[in-house]
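Residue numbers start from 1 in every chain, and the chains themselves are labelled A, B, ... in the order their sequence lines are given, proteins ahead of strands. Keep in mind that this is a model prediction, so the values were computed, not measured.
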There are 2 protein chains.
Amino acid sequence: MPQAENLKKSGLKMTLPRMKILALFESGSERHLSAEEVYRQLLQAGDDVGLATVYRVLTQFEQAGLLVRQHFDNGKSVFELNQGEHHDHIVCLQCGRVEEFYDAEIEARQAQQAAARGFEIQGHVLHIYANCLKDDCPHRR
Amino acid sequence: MPQAENLKKSGLKMTLPRMKILALFESGSERHLSAEEVYRQLLQAGDDVGLATVYRVLTQFEQAGLLVRQHFDNGKSVFELNQGEHHDHIVCLQCGRVEEFYDAEIEARQAQQAAARGFEIQGHVLHIYANCLKDDCPHRR
DNA sequence: ACGCAAATGATAATCATTCTCATTTGCGTT
DNA sequence: AACGCAAATGAGAATGATTATCATTTGCGT
């Protein structure tokens with residue numbers, strides 16, 4: 001029961017809502033979920049959780065390092081399982097496809113830029129917006 | 001009167017609130033302003049504008065390409081004059097201070113990463129979140 | 001100067017998220 | 001296996017940023 005282990009390590013009790021929420025991400029039909037989506041999926045599954053709890057738990061999981069939060073330009077944010085390695089996102093403007101990438105040089109340069117200005121870097125967001133050239137992507141302009 | 005030209009080109013009437021708001025950015029004591037900050041500065045200057053108008057006008061200016069909007073992870077967004085050249089942002093999580101930077105290597109790497117995955121890059125968002133070490137920055141939470 | 005669509009300002013509404021607090025629950029201890 | 005209590009929860013109120021509504025005002029072409 002790996003999620004239980006993770007909860008314990010984070011100093012969080014193994015409560016029903018927490019297990020359910022973590023299970024949602026780990027069963028992972030969808031990798032990225034907003035708080036509202038988590039809430040709706042739990043309700044549909046017949047679980048009686050409060051929206052406040054969903055927000056609380058997601059935030060705790062983020063702080064515990066179990067989840068990573070992504071804020072998008074439209075003001076919404078989604079969570080995804082933290083699978084260890086940091087990555088950035090490239091998003092297709094046409095079809096919404098999301099791919100992940102990691103570039104050590106980019107990471108290093110960011111650290112340099114921050115340090116050079118007297119900032120202690122806490123994190124960053126790098127979203128590349130693009131058009132993908134996949135066959136099933138609707139390429140109208 | 002360059003701002004008047006810009007307004008006309010955008011199909012927007014040359015109204016008092018719009019001139020005032022644009023002038024704020026062009027006189028540019030501060031480069032990045034939130035809607036709330038624009039509102040407060042106008043009130044302080046004795047101009048009687050409504051907050052709704054500020055939001056409306058900022059959005060219109062963004063659509064007209066006069067301003068660029070930056071969404072930050074803390075939920076706030078700021079506007080800055082669109083001066084053509086691209087740059088990224090580093091934001092202090094404590095005091096909200098914003099600085100700009102540009103790193104050619106980061107830009108080049110992004111292009112590579114996108115191309116390697118078959119994406120035609122259209123744009124990107126790179127926000128570094130950090131704590132600044134300035135004296136007037138409230139380092140309590 | 002006239003008229004009318006466009007723009008404004010005051011306020012209500014919305015949306016995502018956080019807070020409050022009375023009740024419930026997990027879990028270490030008997 | 002029941003007890004006790006801090007931690008966690010759920011319902012709803014509160015918040016903060018932004019958007020919508022609508023009666024009044026204003027820019028600007030005639």
Side-chain angles (χ1 to χ4, degrees), chain A residues 1 3-22 24 32-43 45-64 66-67 69-79, chain B residues 1 3-24 32-64 66-67 69-79 91 93 96 141:
Chain A
M1 207 174 266
Q3 59 267 52
E5 292 309 311
N6 287 329
L7 288 178
K8 283 193 109 102
K9 270 196 303 188
S10 308
L12 299 173
K13 285 187 182 174
M14 224 185 334
T15 67
L16 251 338
R18 285 183 188 152
M19 307 273 287
K20 298 270 181 57
I21 290 173
L22 197 44
L24 251 192
H32 302 85
L33 293 172
S34 68
E36 197 67 39
E37 286 165 348
V38 168
Y39 178 60
R40 281 205 303 272
Q41 290 207 21
L42 290 181
L43 286 194
D47 299 312
D48 179 36
V49 290
L51 183 53
T53 300
V54 171
Y55 275 102
R56 250 186 321 238
V57 169
L58 289 176
T59 300
Q60 290 163 339
F61 283 0
E62 183 194 11
Q63 288 168 346
L66 297 177
L67 297 179
R69 188 195 305 241
Q70 301 292 331
H71 294 263
F72 290 121
D73 255 18
N74 54 15
K76 314 247 172 188
S77 55
V78 299
F79 295 80
Chain B
M1 207 174 267
Q3 59 266 52
E5 292 311 312
N6 287 329
L7 288 179
K8 282 194 112 99
K9 269 195 302 185
S10 307
L12 298 173
K13 285 186 182 174
M14 222 186 334
T15 67
L16 251 339
R18 286 183 186 150
M19 308 272 288
K20 298 269 181 58
I21 290 175
L22 197 44
L24 251 192
H32 302 88
L33 294 171
S34 67
E36 197 67 39
E37 286 165 347
V38 168
Y39 178 61
R40 281 205 302 274
Q41 290 207 21
L42 290 181
L43 286 194
Q44 280 189 333
D47 299 313
D48 179 36
V49 290
L51 182 54
T53 300
V54 171
Y55 275 102
R56 249 186 321 239
V57 169
L58 289 176
T59 300
Q60 290 163 339
F61 282 1
E62 183 195 10
Q63 289 168 344
L66 297 176
L67 298 179
R69 186 196 304 242
Q70 301 293 331
H71 295 263
F72 293 128
D73 257 18
N74 53 16
K76 316 247 173 187
S77 56
V78 299
F79 295 80
V91 189
L93 294 168
R141 163 53 57 93

### Query
Given the rule in the side chain to side chain contact (heavy atoms under 4.5 Å, CB included) test, do Arg18(A) and Ile21(A) qualify, once you have shown the distances and angles that lead to the verdict?
CA-CA 5 Å; Arg18(A) 285 183 188 152; Ile21(A) 290 173; 5.9 Å; no

### Query
After noting the C-alpha distance and the side-chain angles of Gln70(B) and Ser77(B), does the key distance pass the side chain to side chain contact (heavy atoms under 4.5 Å, CB included) rule?
CA-CA 5 Å; Gln70(B) 301 293 331; Ser77(B) 56; 5.9 Å; no

### Query
How far apart are the C-alpha atoms of Phe79(A) and Val38(A), what are their side-chain angles, what is the distance that settles it, and do they pass the side chain to side chain contact (heavy atoms under 4.5 Å, CB included) test?
CA-CA 10 Å; Phe79(A) 295 80; Val38(A) 168; over 6 Å; no

### Query
Using a cut-off of 4.0 Å between protein heavy atoms and nucleotide atoms, how would you tag nucleotides 7-21 of chain D 5' to 3' with B, S and -?
SSBBBB----SBBBB

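Within the 4.5 Å cutoff, the side chain of Leu33(A) has heavy atoms near those of the Gln41(A) side chain. Under the 4.5 Å side-chain criterion, counting only non-hydrogen atoms from C-beta, Arg69(B) is not in contact with Val78(B).
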### Message
Dot-bracket for DNA chain D, please. Rules: Watson-Crick or G-U, both distances under 3.5 Å, ( ) within the strand, [ ] when a pair crosses earlier ones, | for another strand, . otherwise.
### Response
||||||||||||||||||||||||||||||

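Of the listed residues (Thr53(A), Asp47(A), Asp48(A), Leu51(A)), just one forms a side-chain contact (heavy atoms from CB on, under 4.5 Å) with Leu42(A), and that residue is Asp47(A). Checked against Gln63(A) for a side-chain contact (heavy atoms from CB on, under 4.5 Å), the options Leu67(A), Thr59(A), Leu66(A) give a single hit: Thr59(A).
The backbone N or O of Ser34(B) sits less than 3.5 Å from a side-chain atom of Glu37(B), completing a donor-acceptor pair.
Residue Leu42(B) contributes atom CG, which lies 12 Å from atom P of dT8(C) at whole-angstrom precision.
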